[in-house]
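Single-structure report; data block below.
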There are 2 protein chains.
Amino acid sequence: MPPTVRERFRAELTAEITAAARRQLAEVGAAGLSLRAVARELGMASSALYRYFPSRDDLLTRLITDGYDALGAAAEDADDPAAPPRERWLAVCRAVRSWARAHPHEYALLYGSPVPGYAAPRDTVPAAARVAVVLGRIIGDAARSGALPESAGRERDPDLVSDETAALLGGEHPAIDDAVRLRALLAWSSVYGTISFELFGHLVGSVTDTDRYFDGAMGELAALVGL
Amino acid sequence: MPPTVRERFRAELTAEITAAARRQLAEVGAAGLSLRAVARELGMASSALYRYFPSRDDLLTRLITDGYDALGAAAEDADDPAAPPRERWLAVCRAVRSWARAHPHEYALLYGSPVPGYAAPRDTVPAAARVAVVLGRIIGDAARSGALPESAGRERDPDLVSDETAALLGGEHPAIDDAVRLRALLAWSSVYGTISFELFGHLVGSVTDTDRYFDGAMGELAALVGL
DNA sequence: GTCTATAAATCGATAGAC
DNA sequence: GTCTATCGATTTATAGAC
């Protein structure tokens, strides 16, 4: 059955609330996010917001899941499974960085310092995994198509990566060994480290052209995992 | 001339203030750091603190420089210039991670989300650079001793890294080209990304043994830069 | 479902006595 | 250099009228 007028109105107002909350996030950060300030911006009484979000933390959780979903969707949209692995890798990395630069405060909420006194509930996990799923599929596809070079000479270090995470690269396959899994996880951490360094200001006088630097760095990471 | 009793007493109390502030940092984060709470913990009137730190931001700046200095000292202590490059790299990376795990909230202050409304003054830059200086020297030493393999086949991408940062690897040397500089910067970003992922909880169900994972990942990074 | 009103706190920063 | 007192703000969350 179609949503009632009441339900649609409620969904609309909920969207307005989260939009205002995101604007506030940019000004005062996650730790300073306040229901009252959101209410003020919307011209409502603060108590009215409690009909939509039972507490400040619930609003925060919503912002986090929304953020992970938006970022995950951007990564998924950027991936063309028909393209060569290396191009897929670069395209997705660029999409992640673009989203991060367009939404720096949401990115900081997702990947920056943990918010003191707040613990993300389990509900956020599936959304949080979406980017890793995309990157894992690219590497897994390349491995299964035989595009990955042998991990010759590298010592194995078995069972470092959990089964759930290993599953992101696809099921069992002879070309996907422990070394590939380790490098895949390191590559994802490095993508994150590169973007965070840029966004959090640690690259400021160090790099002349951040776009070119990013592409170059992602190319090195692709080479690291063998794409 | 030796410090007067007055000066020594002042220095001692200043240290007590920053120690209390660090404890508070762990509870409420940088954004929630409050001079009043620090004063309360020390049994002083809040107004008395203003004789030591003219504002909340000055206290924050002190915590940041102290943190960078402690981390930098840990990295410097861990480096034995007589050891082989790969061992030096691993030892320093381990020291950085150890310090980060021992002081997670200070690490988050240094490398996590920027504090809203706060801009670090220039004074913090030298302290902030100390770790990068150590890592840069390791790579530079290896390059100058001819231990680095040729960047064969890699296309050059000139002038990506600023002159100041390039100087961390030592002056001009034929073995230190743009590709080496790019990979050095990427490696440092990746060390940071790996530690942050672990500390900020993004590796929680993904890695079974974080110590072994870290060593393995740092080994891959050493290989990336050619150590 | 929105409002007013309220409780019980918090904060940075300053003035002025001692 | 520490204190009390104060200004002028902030917050979460709830109670109860409409």
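Computed from a prediction, not measured in an experiment: that's the story for all the values here. Every chain is numbered from 1, with letters handed out A, B, ... down the list of sequences.
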Worksheet item: Rounding to a whole Å, what distance do you find between B:L49:CG and C:dG12:C1'?
Response: 12 Å
Worksheet item: Where along residues 3-21 of chain B does a heavy atom come under 4.0 Å from DNA chain D, residue by residue in number order?
Response: B:R10, B:L13
Worksheet item: Looking at residues at least two apart in the chain, or sitting in another chain, which of them share a side chain to side chain contact (heavy atoms under 4.5 Å, CB included) with B:L90?
Response: B:R94, B:D215, B:M218
Discussion item. Once side chain to side chain contact (heavy atoms under 4.5 Å, CB included) is applied, do any residues pair with B:T65, and if so which ones, sequence neighbours excluded?
Written reply: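 With neighbours one apart ignored, the set is B:T61, B:T124, B:A127.
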Worksheet entry | A:R8, CZ: over 12 other non-hydrogen atoms inside 6.0 angstrom |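 At most 12 heavy atoms, drawn from other residues, nucleotides or ligands, come within 6.0 Å of this atom.
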Practice prompt. Return each pair, listed once, that meets ring-ring contact (aromatic ring centres under 6.0 Å, His included) where at least one residue sits in residues 7-66 of chain A; pairs must be two or more places apart or across chains.
Written response: none
Practice prompt. Have a look at B:F53 and say if it touches a base, only the backbone sugar-phosphate, or nothing, with a 4.0 Å heavy-atom cut-off.
Written response: nothing
Fill in: Partner set under ring pair (Phe, Tyr, Trp, His ring centres under 6.0 Å) for B:W89, not counting sequence neighbours
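Per chain and number, B:W89 pairs via ring pair (Phe, Tyr, Trp, His ring centres under 6.0 Å) with no residue.
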Practice prompt. Only counting residues at least two apart or in another chain, list the ones meeting ring pair (Phe, Tyr, Trp, His ring centres under 6.0 Å) with B:Y192.
Written response: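 Listed in chain order: A:F197, B:Y111.
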Worksheet item: Mind checking what makes salt bridge (charged side-chain N to carboxylate O under 4.0 Å, His left out) contact with B:D123, not counting sequence neighbours?
Response: none
Fill in: Partner set under salt bridge (charged side-chain N to carboxylate O under 4.0 Å, His left out) for A:D69, not counting sequence neighbours
A:R130
Worksheet entry | Sugar-phosphate or base contact per nucleotide [nucleotides 6-18 of chain D; S, B, -; heavy atom under 4.0 Å] | B----SBBBB---
